[in-house]
Every structure is written in structure tokens, then in C-alpha cells.
Undergrad: 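My questions will all concern the structure given below.
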Protein chains: 2
Amino acid sequence: MERLRKHIEEITPLSDEEFEHIKTFFTLRKVRKHQYLIQEGDAVGYEYVVLGGIFKLFYLDGEGKEYIVQFARVNWWMCDYNAYFFKGKATLNAVCMEEGEVLCLTLQGREKLSADYHKMEHFFRVKLTNGYAALQRRITSLLSSTPQERYREFSELYPNLIQEIPKKYIAEYLGVSRETLSRLYSNGK
Amino acid sequence: MERLRKHIEEITPLSDEEFEHIKTFFTLRKVRKHQYLIQEGDAVGYEYVVLGGIFKLFYLDGEGKEYIVQFARVNWWMCDYNAYFFKGKATLNAVCMEEGEVLCLTLQGREKLSADYHKMEHFFRVKLTNGYAALQRRITSLLSSTPQERYREFSELYPNLIQEIPKKYIAEYLGVSRETLSRLYSNGK
DNA sequence: AAAAAAGTGTGATTTAAATCACACTTCCCC
DNA sequence: GGGGAAGTGTGATTTAAATCACACTTTTTT
């Protein structure tokens, strides 16, 4: 929980009492490899802040092919936000790729925290601001860049992830086949 | 300005005095066809709320090809948020496609409004929430859907836009060539 | 009202990437 | 520690979409 406090305080300072109350909205969950946090078709009760481990958020098409919308590591937030905010069924899946822990927050929790603490509303707004800007960049990249450029951008943005996760999944994130990705760096990148 | 009030009050009610003060942060600007609101390479001083007209936000690559990140019509917000929030140079362009009006808001304005009025911070958070969810869906679609599926999704989401803007630009939004898009609906969709 | 610019449909050709196929390696998990 | 699953590289083939080319239409501009 101390990690959560640090995370929030990167954006806004909290008093001890405030944090004592705020933290009651979060529940800790340990997650093992291959475990699902969100499953397509189910309601989405929580959003997740990663405390440790690696997760992927992905869409599964009719033929069983995966398309990775997001990876998530420590301090990343992860959810199928369409289902979560609008109380629909998940179209995305979230799975643990490397054992770790997450904190879970319900939508009511999020809204209550935002309503009760201007600070927390501010915190969420700043996080969303950053996230929105990042997604805008990702869209630009998906539209305009070649696979090799996307690979380069990715390795600059997440140099550590490149080492730690199978290239197969990086291909699924970049929107190319694993074979094409493999040829990108065996040939002259 | 009444339209702005209505727009904000879709999310949170405002007293007359509140709105009187809030509106001072916005400046009105009439925009003619082909006019730029944001130009690649420049600093991004404002974000824009559209009161009327149609706008496109796009990336221009080295060969002069356009890739449309977003269209914007009444009540849509539009900006190169990476440049705006992080005070960098624009990599995107925003241009008027059909004469109209926008309200302009500086980053300090936005932050001041958010700090002074919990309500406004709430308003911005809700707008970002919706926007984030929409971009998450767009990414899923760009990764996993075929051009024909993306075209169908687009025409369901924005049936009116389909009529009103040249198909050429819809192609640039969907990430296909205009020829391919043209063949999609001449053949059996 | 005429000229220019922008947008559109459709065929022919090229091309980048997907798919298929298979051998090899590494990672887990019983 | 051995067996199966998961991941990887590389060639051959197929395929969807980009590109090129051009005629035609519509919209803007002056």
C-alpha cells in the first residue's frame, strides 16, 4: 500500500488521514501467471493498478488471434474502460504474463473518491490526461508508421519490456505477424 | 457561450456566477475553411471546443500523406494533446474543413479552472474518461479489424459524418487508401 | 460563367506483409 | 530430469491492399 501512496503523491500530496481513508477503497490481489483479471463477455467490476508483475490487455478475434491493446507493469492502470465506465460486458481480456500483484478499484470507489476528494479527482484527471495523450500518439503511429518504425518507437519507449516479454507479443502489440517482426531485426532492422 | 454552458451542464450544473467566471477563460474564434488551428512544428497554445463547423486533426508524413487522427464537430474537443500538455511542438495539424466557430482554452486556463472548481475538474475528468474509452476502442479496431469492418464501425458511429465529408478523408481516418475504400462499397461492402 | 481545384470510380500492376510450413530452441511443470 | 508446450528464425507461396494511371464529376474560387 505504501507504493500506492507514493504513486498518488507523485501527483498530489496526501495527509496521513486522507491516505488511511483512501486506501480502504482499494483491495489487494495476488495474481499468478496465466490468471485472468478481465474476461471477454463478463462484467468488468474493477480497474487495476499494477504493483508488480507484467500483464497484457488484449482483444481476441473470431479465429483466436490476439491483438494487444496494452501492456501493464508497476504503476500502470489497466482496464477495459468501455465496459467499466459504461457498465457493459468486456470485449477485452486482461491476463497475467508474469506473477505479481494488483490493487483493485470499483467504479463506485473511483467515483466516490473523486467526489469526496478534489485531490483524487485531480489525480485521476492527470492520469487520464497522460493516458489520452499516449493513446493519441499510438493511433498516429498505427496509422502512419511502417512496422519497422513502430518497432523502433516501441523499443525507445519501453526498452525494458523488449527484453522481458516474448517477441510474439510485441508483434501482437505492433499489429504485425511474428514472422514479419522477426525479419525486421534479422535484416537491417 | 450559451452552448458552452449547456455542454458543461450535461455533466455538472453551474450557478450563474460560476458560469460568468468560467466563461472568461474561453475566447471565441471564427474559423474559415482551410484555416489552421494547430500547425505542425509550432507551440500549441490552446485546446479547442467546437461550436460549429467541421475540423480534422491529422498527421502529415514525409511524403505529404495525411493520416486523420480525429474529426471534430460541435461539442468535440480537439488538440494535439502531447504538445499541449507537455508544452512541446505540435506534430499534428488541425484544419477547418467546414466554416465554423471554436472556443479556445489555454493550458493555464484549464488548470486554473480545475484547481478553482472541483466541478470543472470533474467535468474534465469525465470528458477524458469518455475520450480515453473511445481511443481504446479505436486502437482495438485498428489492430484487429479489416478495412471493411472499420468502415462499417465508422458509419455506425458517425452516420452523419459519412454524408458530410469527402470519402477521401474517411479513408485517411480508417487507414486505407481512397481506392480501396471506394471498392469496399461499390462491391458488396 | 469560366477556370481551377478537389474529389471519385475503376482497371492494371506492384508490393509488402500474411500465411503456410518446418526445423530448432528454450522454458516450464509433473 | 524428461516430455510437452511455447517461442523463434527462415524459406516458399499467397493475398490483400497500395500504387499507378486515367477519365469523369463536383465543388470552389474569382
Side-chain angles (χ1 to χ4, degrees), chain A residues 31-35 53-54 56 58-68 71 95-100 141-152 154-155 161-189, chain B residues 31-35 53-56 58-68 71 93 95-100 141-152 154-155 161-189:
Chain A
V31 198
R32 306 261 296 287
K33 197 164 176 171
H34 301 135
Q35 251 184 274
I54 305 182
K56 63 177 172 179
F58 63 98
Y59 175 74
L60 203 67
D61 76 8
E63 277 97 49
K65 271 174 61 174
E66 286 184 18
Y67 302 87
I68 296 183
F71 293 111
V95 164
C96 177
M97 300 177 72
E98 198 174 279
E99 182 165 357
S141 170
L142 283 171
L143 285 174
S144 71
S145 300
T146 62
Q148 41 270 44
E149 289 166 336
R150 295 208 290 275
Y151 178 71
R152 230 210 40 251
F154 183 87
S155 46
L161 267 185
I162 289 265
Q163 340 280 189
E164 293 177 46
I165 62 186
K167 309 245 191 284
K168 195 191 159 188
Y169 297 110
I170 295 175
E172 289 173 13
Y173 179 92
L174 297 178
V176 276
S177 70
R178 54 159 208 88
E179 294 95 330
T180 297
L181 180 63
S182 166
R183 285 184 251 262
L184 286 185
Y185 43 73
S186 23
N187 314 345
K189 221 152 231 189
Chain B
V31 197
R32 305 261 298 288
K33 197 164 176 173
H34 301 135
Q35 251 185 272
I54 305 182
F55 298 81
K56 63 179 172 178
F58 63 97
Y59 175 73
L60 203 67
D61 77 6
E63 277 97 49
K65 272 175 58 176
E66 285 185 19
Y67 303 87
I68 296 182
F71 292 110
N93 302 272
V95 164
C96 177
M97 299 177 74
E98 199 174 277
E99 182 165 356
S141 171
L142 283 171
L143 285 174
S144 71
S145 301
T146 62
Q148 41 269 44
E149 289 165 336
R150 294 208 292 274
Y151 178 70
R152 231 212 36 255
F154 184 87
S155 44
L161 266 186
I162 289 265
Q163 340 279 193
E164 294 179 45
I165 63 185
K167 309 244 192 283
K168 195 191 159 187
Y169 297 110
I170 295 175
E172 289 173 14
Y173 179 93
L174 298 177
V176 274
S177 69
R178 56 161 206 87
E179 292 96 329
T180 296
L181 179 63
S182 165
R183 286 185 251 261
L184 286 184
Y185 43 74
S186 25
N187 313 345
K189 223 154 234 184

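All figures in this text were calculated on a predicted structure; none of them were measured in a lab.
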Undergrad: Does a salt bridge link B:K56 with B:E66, judged by any charged N lying under 4.0 Å from a carboxylate O?
TA: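 So B:K56 pairs with B:E66 through a salt bridge.
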
Undergrad: Heavy atoms from C-beta onward define the side chain here; which of D:dA17, D:dA12, C:dA17 lies closest to that of B:P147?
TA: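 The listed nucleotide nearest to B:P147's side chain is D:dA17.
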
Undergrad: I need the B:D61 CG to A:L143 CG distance, nearest 0.5 Å.
TA: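 If we round to the nearest 0.5 Å, B:D61:CG and A:L143:CG are 11.0 Å apart.
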
Undergrad: I'd like to compare against my own output: the B/S/- annotation of nucleotides 21-30 of chain C with a strict under-4.0 Å heavy-atom distance to protein.
TA: B------S--

Undergrad: Measure the distance from CD on B:E164 to C1' on D:dT27 and round it to the nearest whole Å.
TA: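 Atom-to-atom, B:E164 to D:dT27, this comes out as 16 Å.
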
Undergrad: Expressed in angstrom and rounded to an integer, what is the separation of B:L174 atom CG from D:dA16 atom P?
TA: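 Distance, rounded to whole Å: 19 Å.
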
Undergrad: Starting at NZ of A:K167 and ending at C1' of D:dT10, how long is that distance when rounded to a whole Å?
TA: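 Result: 16 Å.
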
Undergrad: Rounded to the Å, how far apart are A:L184 CG and C:dA16 C1'?
TA: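 A:L184 atom CG is separated from C:dA16 atom C1' by 11 Å.
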
Undergrad: OP1 or OP2 of C:dG9 less than 4.0 angstrom from a side-chain nitrogen or oxygen of B:Y185, does that happen here?
TA: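 The answer is yes; a side-chain N or O of B:Y185 sits under 4.0 Å from OP1 or OP2.
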
Undergrad: Ignoring backbone atoms, establish whether B:Y169 has a side-chain N or O less than 4.0 Å from OP1 or OP2 of C:dG7.
TA: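 The answer is yes; a side-chain N or O of B:Y169 sits under 4.0 Å from OP1 or OP2.
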
Undergrad: What is the distance, rounded to the nearest whole Å, between atom CD1 of B:I165 and atom P of C:dT8?
TA: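 Checked: the CD1 to P distance equals 10 Å.
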
Undergrad: Any N or O donor-acceptor pair linking the side chain of B:R183 to the base of D:dT19 at under 3.5 Å?
TA: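 Check passes, donor-acceptor contact within cut-off.
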
Undergrad: Starting from the C-alpha separation in whole Å, work towards a yes-or-no answer on side-chain contact (heavy atoms from CB on, under 4.5 Å) for B:L142 and A:Y67.
TA: CA-CA 10 Å; B:L142 283 171; A:Y67 302 87; over 6 Å; no

Undergrad: What is the distance, to the nearest angstrom, from the CG atom on B:L142 to the P atom on D:dA17?
TA: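 These atoms are roughly 14 Å apart.
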
Undergrad: Using 0.5 Å steps for rounding, measure from the CZ atom of A:F154 to the CG atom of A:L174.
TA: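 The distance works out to 6.5 Å.
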
Undergrad: Please check the phosphate of D:dG7 (OP1 and OP2 only) for any side-chain N or O of A:K168 closer than 4.0 Å.
TA: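 Indeed, a polar side-chain atom of A:K168 lies that close.
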
Undergrad: Distance check: side-chain N/O of A:S177 vs OP1/OP2 of C:dA17, anything under 4.0 Å?
TA: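 False: A:S177 side-chain N/O out of range (4.0 Å or more) of C:dA17 OP1/OP2.
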
Undergrad: Taking side-chain contact (heavy atoms from CB on, under 4.5 Å) as the criterion, tell me which of A:I54, A:L161, A:I68 meets it with A:Y169.
TA: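 Only one option passes, and that is A:I68.
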
Undergrad: Between B:S182 and B:R178 (side chain of the first, backbone of the second, donor and acceptor by atom type, cut-off under 3.5 Å), is there such a pair?
TA: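 No.
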
Undergrad: Between D:dT8 and A:S182, is there an OP1 or OP2 to side-chain N/O distance shorter than 4.0 Å?
TA: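 No, A:S182 has no side-chain N/O under 4.0 Å of OP1/OP2 on D:dT8.
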
Undergrad: I would like to know whether B:V31 and B:F55 meet side-chain contact (heavy atoms from CB on, under 4.5 Å); could you show each step before the answer?
TA: CA-CA 10 Å; B:V31 197; B:F55 298 81; 4.0 Å; yes

Undergrad: Whole angstrom is fine here: how far is it from CD in B:E63 over to C1' in D:dT19?
TA: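 So the two atoms are 12 Å apart, to the nearest Å.
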
Undergrad: Rounding to a whole Å, what distance do you find between B:E172:CD and C:dG7:P?
TA: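 Taking atom P of C:dG7 as the reference, CD of B:E172 is at 9 Å.
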
